[in-house]
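Fair warning: this is a prediction, and the values are worked out from it, not measured in the lab.
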Protein chains: 4
Amino acid sequence: MSKPREEKYQAILDAATEAFAEYGYFTCQVSKIAKLAGVADGTIYLYFKNKEDILVSLFSDRMGNFIQEIRQSIVKCQTTQERLFCIIRTHFKYMEENRSLAIVTQIELRQSDPKIREAISGPLREYFHLIEQVLTEGVEKQEIILADVKVGRQMFFGTLDAAISDWVSSKKPRPLEGIEELVFELMRGAFKIK
Amino acid sequence: MSKPREEKYQAILDAATEAFAEYGYFTCQVSKIAKLAGVADGTIYLYFKNKEDILVSLFSDRMGNFIQEIRQSIVKCQTTQERLFCIIRTHFKYMEENRSLAIVTQIELRQSDPKIREAISGPLREYFHLIEQVLTEGVEKQEIILADVKVGRQMFFGTLDAAISDWVSSKKPRPLEGIEELVFELMRGAFKIK
Amino acid sequence: MSKPREEKYQAILDAATEAFAEYGYFTCQVSKIAKLAGVADGTIYLYFKNKEDILVSLFSDRMGNFIQEIRQSIVKCQTTQERLFCIIRTHFKYMEENRSLAIVTQIELRQSDPKIREAISGPLREYFHLIEQVLTEGVEKQEIILADVKVGRQMFFGTLDAAISDWVSSKKPRPLEGIEELVFELMRGAFKIK
Amino acid sequence: MSKPREEKYQAILDAATEAFAEYGYFTCQVSKIAKLAGVADGTIYLYFKNKEDILVSLFSDRMGNFIQEIRQSIVKCQTTQERLFCIIRTHFKYMEENRSLAIVTQIELRQSDPKIREAISGPLREYFHLIEQVLTEGVEKQEIILADVKVGRQMFFGTLDAAISDWVSSKKPRPLEGIEELVFELMRGAFKIK
DNA sequence: TATGAATGAGGGTTCATTCAT
DNA sequence: AATGAATGAACCCTCATTCAT
């Protein structure tokens with residue numbers, strides 16, 4: 001992909017993220033994205049097959065980035081404890097820096113349209129898998145105590161997700177940064193980290 | 001409200017729950033709800049102001065029920081520990097018995113349209129408040145240890161929510177009943193319940 | 001089909017015939033048909049699947065009528081000579097009374113879109129078949145001399161078609177009625193009718 | 001017009017003939033013609049004013065050729081009989097060798113858009129005129145008997161046109177060459193050629 | 001001259017809502 | 001109260017045409 005093409009592609013995704021965050025996928029017209037991206041309506045369709053493809057691309061592109069960042073953040077960690085804390089911090093940091101993406105994630109993660117769901121579920125499942133890997137390794141190394149890895153992941157992810165849900169829906173949210181420690185403290189107790 | 005009127009009102013809400021669960025709010029046409037409810041399209045508008053009103057009513061009616069059931073389930077409980085377990089069990093039981101409602105909750109809880117969000121948030125906030133009350137009381141009675149009640153509630157609700165999210169999106173889910181103990185065990189650790 | 005439904009169906013087909021005749025299938029907007037029929041745009045779609053379906057229905061309905069009329073006109077004829085003359089007269093008469101249909105036939109008979117062609121070709125083929133039947137019978141009864149029935153039909157139909165083509169494209173056409181005898185005289189010579 | 005310019009002009013017309021034949025004027029996108037001609041979309045507009053101009057040019061250029069060829073083929077003919085046979089043979093031969101042009105002629109000859117019709121009708125009218133000249137001369141020289149020259153032309157042209165219509169729409173057509181004699185035999189009878 | 005990315009007007013179709021019966 | 005045919009506003013997408021390079 002050539003430089004200017006890639007730039008415009010990203011510009012449209014950026015615009016879509018903002019627009020979807022503000023209006024939601026269905027309520028948001030393609031023309032709104034175009035205007036926000038500073039291109040003509042038709043230009044959108046030079047880069048994306050249709051409206052749905054914008055959403056799907058948005059997820060695979062942005063969530064892909066997110067997961068990669070999470071992954072990078074834990075390579076240097078020595079212990080499960082560190083890894084879990086790293087994920088919490090990176091997750092919060094990323095979402096805090098990408099508020100619109102956070103909103104879109106919150107809103108559209110649970111689309112009903114089966115086609116969209118399927119397309120979207122990929123990156124999310126990858127994230128779930130990553131968390132479960134960390135937990136499994138922790139159990140094996142006896143760094144944490146956990147009867148069921150899947151339920152453990154549900155708690156871990158569910159907690160972060162609920163925190164972000166509160167954060168995006170609040171007009172004056174306290175910074176997510178401020179609750180990293182609190183969240184981690186709960187996880188420490190739940191996973192019986194020494 | 002007269003008897004037959006109430007009956008048809010509920011029939012439409014039932015139909016809407018099914019239809020929204022299957023197609024999602026936006027993708028689902030009002031005519032589909034009407035057909036499912038066994039009434040004419042126009043009849044819908046004798047009971048609801050518009051499509052949005054169906055969704056909002058669905059939430060306040062069904063979520064209202066849900067919260068009432070939760071409330072009833074914990075009145076007999078003596079300890080915070082018992083209360084938390086009761087909520088988990090009742091939450092899971094209710095959703096398991098009302099799969100479509102569970103799906104709608106998952107899908108539409110996070111609507112983007114501000115009007116819808118606002119309308120929906122009422123019952124949910126009530127539930128959040130209930131959980132926080134239980135946690136606050138637990139802290140006061142020193143039955144649990146918790147640095148921040150809001151974060152505690154985020155973890156508690158987020159975990160249940162994530163579990164149900166997995167459950168509704170799985171073709172062959174293990175029964176929620178089966179993970180009550182697992183979830184509670186994690187909560188016990190997190191809240192340092194003796 | 002109930003009475004008013006049938007009436008509106010025909011009204012839309014009438015409007016479509018006028019509109020297609022004036023603007024051509026592609027250039028004519030559905031909204032133009034709707035306005036001409038005195039209905040809302042959306043109403044069209046209660047009676048027809050889509051724009052293409054209007055054209056196809058127009059042909060099967062109107063051409064069906066036409067062929068039926070041709071068929072009826074020749075039942076009383078005794079000889080091939082009479083039958084051929086009857087077809088000429090009825091063909092001209094029908095088209096003269098349904099100028100817009102004549103135009104549409106001229107214009108759209110030869111659509112390129114394969115789907116449309118196929119749908120349209122049915123009634124036309126039926127007409128061709130009818131003509132060929134008459135010619136075949138004539139040959140068998142030795143009322144006409146004709147080396148190849150298909151070519152005979154091509155001449156017969158082609159002549160009528162070209163005459164109508166001139167007629168519809170002329171601002172001040174001489175009535176088709178006036179050339180019945182002339183056309184028949186040519187056919188008589190071509191088919192060596194005694 | 002310079003040499004390479006003329007070449008590209010013809011290449012575009014060739015491509016347009018193919019493309020219009022396959023998809024029809026309206027269904028065929030300009031970009032398809034460009035791709036087929038091996039030029040960029042924008043290049044088309046260096047040679048033609050717009051899409052319509054391509055069609056019009058196609059007709060005046062190709063039909064001009066056609067008529068010229070017809071004209072040349074009859075100069076050496078001595079009798080009306082020979083001339084008519086020559087036209088039939090040349091007409092069929094030309095169309096057989098230019099199948100796409102034959103299709104376009106069939107399809108687009110009867111465009112509805114008045115502007116297009118007008119532009120197209122020129123070459124066609126010229127052909128009609130040529131045929132009528134031959135017929136008129138034949139009548140004057142008493143080589144044929146014909147009450148109305150215009151109707152005679154309608155029959156003559158209509159027959160050829162219908163034959164070609166069958167030929168282009170048939171998957172496995174018998175060669176037009178094979179029906180020259182058959183068609184001429186019918187004309188001979190119609191025109192009472194001795 | 002040639003390119004092809006960008007434009008944006010336009011139209012077919014859907015569907016929430018109304019209203020005559 | 002109930003119906004469901006009719007409405008028409010709204011929107012996604014296409015594609016002829018332009019223009020900066």
Side-chain angles (χ1 to χ4, degrees), chain A residues 2 4-5 7-9 12 26-35 37-54, chain B residues 2 4-5 8-9 12 25-35 37-54, chain C residues 2 4-5 8-9 12 25-35 37-54, chain D residues 2 4-5 8-9 12 25-35 37-54:
Chain A
S2 70
R5 177 165 177 84
E7 265 168 35
K8 201 160 282 187
Y9 177 87
I12 294 171
F26 286 103
T27 310
C28 169
Q29 301 99 309
V30 171
S31 62
K32 236 161 211 159
I33 300 174
K35 183 173 285 183
V39 300
D41 291 17
T43 305
I44 300 273
Y45 293 88
L46 297 175
Y47 294 83
F48 300 92
K49 205 155 43 67
N50 50 33
K51 190 183 177 187
E52 185 185 320
D53 187 35
I54 303 176
Chain B
S2 71
R5 176 164 178 85
K8 202 161 279 189
Y9 177 88
I12 294 171
Y25 175 72
F26 286 103
T27 311
C28 171
Q29 301 98 311
V30 172
S31 63
K32 232 163 212 160
I33 299 173
K35 182 174 283 182
V39 301
D41 291 17
T43 305
I44 299 270
Y45 292 85
L46 299 175
Y47 292 85
F48 299 91
K49 202 152 45 69
N50 50 33
K51 190 183 179 185
E52 185 184 320
D53 187 34
I54 303 176
Chain C
S2 71
R5 178 167 176 82
K8 201 160 281 187
Y9 177 87
I12 294 171
Y25 175 72
F26 287 103
T27 311
C28 169
Q29 302 99 310
V30 171
S31 62
K32 235 162 212 160
I33 300 174
K35 183 172 285 182
V39 300
D41 291 16
T43 305
I44 300 274
Y45 293 87
L46 298 175
Y47 293 85
F48 300 92
K49 205 155 45 65
N50 49 34
K51 191 184 178 186
E52 185 185 320
D53 187 34
I54 303 176
Chain D
S2 72
R5 177 165 177 84
K8 204 161 278 188
Y9 177 86
I12 294 171
Y25 175 73
F26 286 103
T27 311
C28 170
Q29 302 97 310
V30 171
S31 63
K32 233 161 213 161
I33 299 173
K35 182 175 283 183
V39 301
D41 291 17
T43 305
I44 299 271
Y45 291 86
L46 299 174
Y47 292 84
F48 300 92
K49 201 152 47 73
N50 50 33
K51 190 184 178 184
E52 185 185 318
D53 186 35
I54 303 175

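With rounding to whole Å, D/Lys35 atom NZ is found 14 Å from E/dT3 atom P. Atom CZ of A/Arg5 and atom C1' of E/dG4 are 12 Å apart (whole Å).
Residues satisfying the side-chain contact (heavy atoms from CB on, under 4.5 Å) test with B/Gln29, not counting sequence neighbours, are B/Ser31, B/Lys32. Evaluation of the ring pair (Phe, Tyr, Trp, His ring centres under 6.0 Å) rule for C/Phe48 yields C/Tyr9 as partners, not counting sequence neighbours. Annotation: side chain to side chain donor-acceptor pair (under 3.5 Å) contacts of A/Asp53 (sequence neighbours excluded): A/Ser57.
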Worksheet item: Given the rule that a pair is Watson-Crick or G-U wobble with both distances under 3.5 Å, how would you write DNA chain E in dot-bracket, using | for pairs to a different strand?
Response: .||||||||||||||||||||

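Nucleic acid contact for B/Tyr47: sugar-phosphate only, since backbone atoms but no base atoms lie under 4.0 Å from a heavy atom of the residue.
The nucleotide range of DNA chain F contacted by chain A, defined by atoms under 4.0 angstrom from heavy atoms of the protein and reported 5' to 3', is F/dC11 to F/dT14.
Of the possible polar contacts, one joining the D/Tyr25 side chain to the D/Glu52 backbone as a donor-acceptor pair under 3.5 Å is found.
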Protein-nucleotides 7-11 of chain E N/O pairs under 3.5 Å:
unit_1, atom_1, unit_2, atom_2, d
E/dT7, OP2, A/Ala40, N, 3.0
E/dT7, OP2, A/Thr43, OG1, 2.3
E/dG8, N7, A/Gly42, N, 3.2
E/dG11, OP1, C/Gln29, NE2, 2.9

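Side-chain contact between B/Lys8 and B/Thr43 is present, with at least one heavy-atom pair separated by less than 4.5 Å. Within the 4.5 Å cutoff, side-chain heavy atoms of A/Phe26 are placed close to those of B/Thr27.
Atom CD1 of A/Ile44 sits about 4.5 Å away from atom CD1 of A/Ile12, to the nearest 0.5 Å.
Within the structure, the salt bridge (charged side-chain N to carboxylate O under 4.0 Å, His left out) test picks out no pair touching residues 39-51 of chain D (sequence neighbours left out).
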